[in-house]
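In what follows, a structure is listed as structure tokens, so that the remarks can point back to it.
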Amino acid sequence: MRTHYEVNRPDVNRNVRRIVRVAAIGATGVAAGVTIGAAAAGVLGWKLFRSATRPDNLNGKVVVITGGSRGLGLALAQEAARHGARLAICARDHQELEAARKQIGIQAEVGTYICDVTNYDEVVSWINSVRSDFGQIDVLINNAGQISVGPLESQTLTDFQEALDVMYWGVVYPTLAVLPHMKARSQGSIANIASIGGKVSIPHLLPYCSAKFAAIGFSEGLHAELAKSGIHVTTVVPGLMRTGSHLNAFFKGDHRREFTWFALGATLPVVSISAESAARRIVSAIRHHRAEVIISPQATALSLLHGVAPGLTSEMMGILNRVLPASQGDPSVRYTGSESETAVTRSFATQLGRRAARNLNQGPATQVS
């Protein structure tokens with residue numbers, strides 16, 4: 001009788017119910033884990049199967065590239081031309097476009113267009129001109145970019161607005177302009193050149209990273225929404241690359257010291273990769289319809305670490321910020337890399353970066369990639 005009495009006590013019943021609830025929650029968690037794991041395995045299996053299939057042939061395809069007159073954009077144009085693509089590249093400067101056309105080679109079909117990707121009307125007019133000249137658009141690569149380097153105290157509202165104009169709206173505008181054409185044909189590929197700075201915010205690059213975070217959000221959502229329509233979207237996440245663009249980036253505050261650390265990171269072979277190597281991987285990812293490609297082992301490691309321990313990477317960035325140059329000077333004044341050279345940046349340490357600048361048409365301008 002006592003045992004029966006204890007089992008029916010309210011506190012014992014509450015404990016029993018609690019155990020049942022915990023067991024139910026645990027069983028639900030296990031079931032959810034199994035379901036998610038199976039779904040992930042299915043997606044991975046499908047990706048592996050699709051990667052093993054024959055990639056798209058770019059021969060005769062029309063590839064459109066923003067910011068295609070120099071830097072990574074020019075390297076991408078050269079790589080696409082090697083695959084037989086017909087090219088339509090845009091930039092702001094006519095002379096740069098003509099120089100790029102010569103570097104791509106006389107055997108390639110290249111259309112050059114002056115267009116400011118921060119102006120929607122110009123973008124729509126440009127896309128319409130490309131369709132009129134080439135008949136269709138098969139691949140759009142949103143590559144145009146702009147970098148402003150310096151501590152937060154040196155950045156103005158204009159710096160943030162310009163970064164978003166070029167690297168967020170400069171992705172959205174061409175995409176929206178080309179989508180009706182691609183949807184009507186139920187095919188096409190879009191590649192958005194983001195940055196590891198769009199996954200992990202790097203000190204002294206806050207306007208740039210903010211815009212790249214926005215671009216990645218747009219690109220990943222676009223991939224999900226367009227998957228059913230036959231249009232493939234690839235988010236490209238490069239690490240440090242030797243494009244020569246450090247000479248055209250903007251530097252604020254202690255601009256010579258800012259340029260020194262940035263130039264070393266963008267040119268040393270241990271921490272950066274060549275633009276040509278990056279272009280090969282990007283074009284391959286487009287041809288294989290990959291959702292994302294992260295370029296360079298360092299960028300891959302940092303992205304994985306941030307995914308697992310975002311708080312830890314934020315603390316690491318805080319430590320890095322302590323050793324970067326302090327704020328000084330007028331926030332409204334900025335200098336290009338070419339105006340911020342030091343003995344270190346003129347030394348053998350940056351010779352690969354200077355060679356990349358010569359090879360990739362990097363002259364003074366306001367739009368870089």
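Hydrogens, waters and symmetry mates are skipped; everything else that's a heavy atom, side chains included, is used. All values reported here derive from a predicted model rather than from experimental measurement.
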Inset, instruction - Using the six-membered ring wherever Trp is involved, compare the ring planes of F259 and H246 and label them parallel, tilted or perpendicular (cut-offs 30° and 60°). - result: parallel
Inset, instruction - Assign the ring pair F134 / Y113 to parallel, tilted or perpendicular, where the plane angle (0 to 90°) is split at 30° and 60°. - result: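 F134 and Y113: tilted rings.
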Do [X] and [Y] come close enough that some side-chain heavy atom pair is under 4.5 Å?
X	Y	value
D133	E109	no
F250	V149	no
R92	T118	yes
S210	P207	no
E258	P151	yes
L352	P269	yes
R101	E98	yes
I273	R281	no

Are [X] and [Y] connected in the hydrophobic side-chain network, where two residues link if heavy atoms are under 4.5 Å apart?
X	Y	value
L176	W169	yes
L302	Y208	yes
I202	L206	no
L164	F213	no
F218	F160	no

Out of curiosity, [X] [atom1] to [Y] [atom2], how far, rounded to the nearest 0.5 Å?
X	Y	atom1	atom2	answer
R290	I282	CZ	CD1	12.0 Å
L240	I295	CG	CD1	12.0 Å
I137	I127	CD1	CD1	4.0 Å
F262	L205	CZ	CG	6.0 Å
S284	R287	OG	CZ	6.5 Å
N321	M316	CG	CE	13.5 Å

Return yes if some donor-acceptor pair links the side-chain N/O of [X] with the main-chain N/O of [Y] below 3.5 Å, else return no.
X	Y	answer
S132	N128	no
R354	S347	yes
K252	R334	no
T300	S296	yes
T345	E341	no
S314	P310	yes
H223	V233	yes
N359	A356	no
E220	A291	no

Check [X] against [Y] and note the closest heavy-atom contact, atom names and distance.
X	Y	result
S340	H255	OG-ND1, 2.8 Å
L226	K183	CD2-CE, 3.8 Å
S154	S327	OG-OG, 3.4 Å
S69	A91	OG-CB, 3.3 Å
T350	R346	OG1-N, 4.3 Å
G73	N143	CA-ND2, 3.3 Å

Legend entry - Chi angles and distances behind the side chain to side chain contact (heavy atoms under 4.5 Å, CB included) call for I196, H306: CA-CA 11 Å; I196 187 59; H306 186 66; over 6 Å; no
Inset, instruction - Count the heavy atoms of every other residue, nucleotide or ligand shown that sit under 6.0 Å from CD of E225, and state whether that count exceeds 12. - result: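 Count not over threshold, so no.
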Legend entry - Over 12 non-hydrogen atoms of neighbours within 6.0 angstrom of CD in Q95: no
Inset, instruction - Please lay out, stage by stage, how K61 and D56 fare under the test salt bridge (Lys or Arg N to Asp or Glu O under 4.0 Å). - result: CA-CA 10 Å; K61 298 291 182 66; D56 280 354; 5.2 Å; no
Inset, instruction - Could you tell me whether Y120 and Y173 have their ring centroids closer than 6.0 angstrom? - result: yes
Inset, instruction - Before giving the answer on salt bridge (Lys or Arg N to Asp or Glu O under 4.0 Å), spell out for D138 and R185 the whole-Å C-alpha distance, their side-chain angles and the decisive distance to 0.1 Å. - result: CA-CA 10 Å; D138 299 292; R185 300 173 60 228; 3.2 Å; yes
Inset, instruction - Please check if any side-chain donor atom of S245 sits under 3.5 Å from a side-chain acceptor atom of N248, or the reverse. - result: no
Inset, instruction - Determine whether the side chains of T342 and R256 contain a donor N or O and an acceptor N or O closer than 3.5 Å. - result: no
Passing candidate, side chain to side chain contact (heavy atoms under 4.5 Å, CB included) with [X], options [options]:
X	options	result
L87	I104, T112, V62	I104
N192	I216, T234, T175	T175
N142	I65, T66, V172	T66

Legend entry - From CA spacing to verdict: salt bridge (Lys or Arg N to Asp or Glu O under 4.0 Å), E292, K199: CA-CA 12 Å; E292 181 182 74; K199 286 184 174 284; 3.0 Å; yes
Inset, instruction - For the pair R82 and E276, evaluate salt bridge (Lys or Arg N to Asp or Glu O under 4.0 Å) and give the outcome as yes or no after the intermediate values. - result: CA-CA 12 Å; R82 292 189 188 97; E276 293 78 9; over 6 Å; no
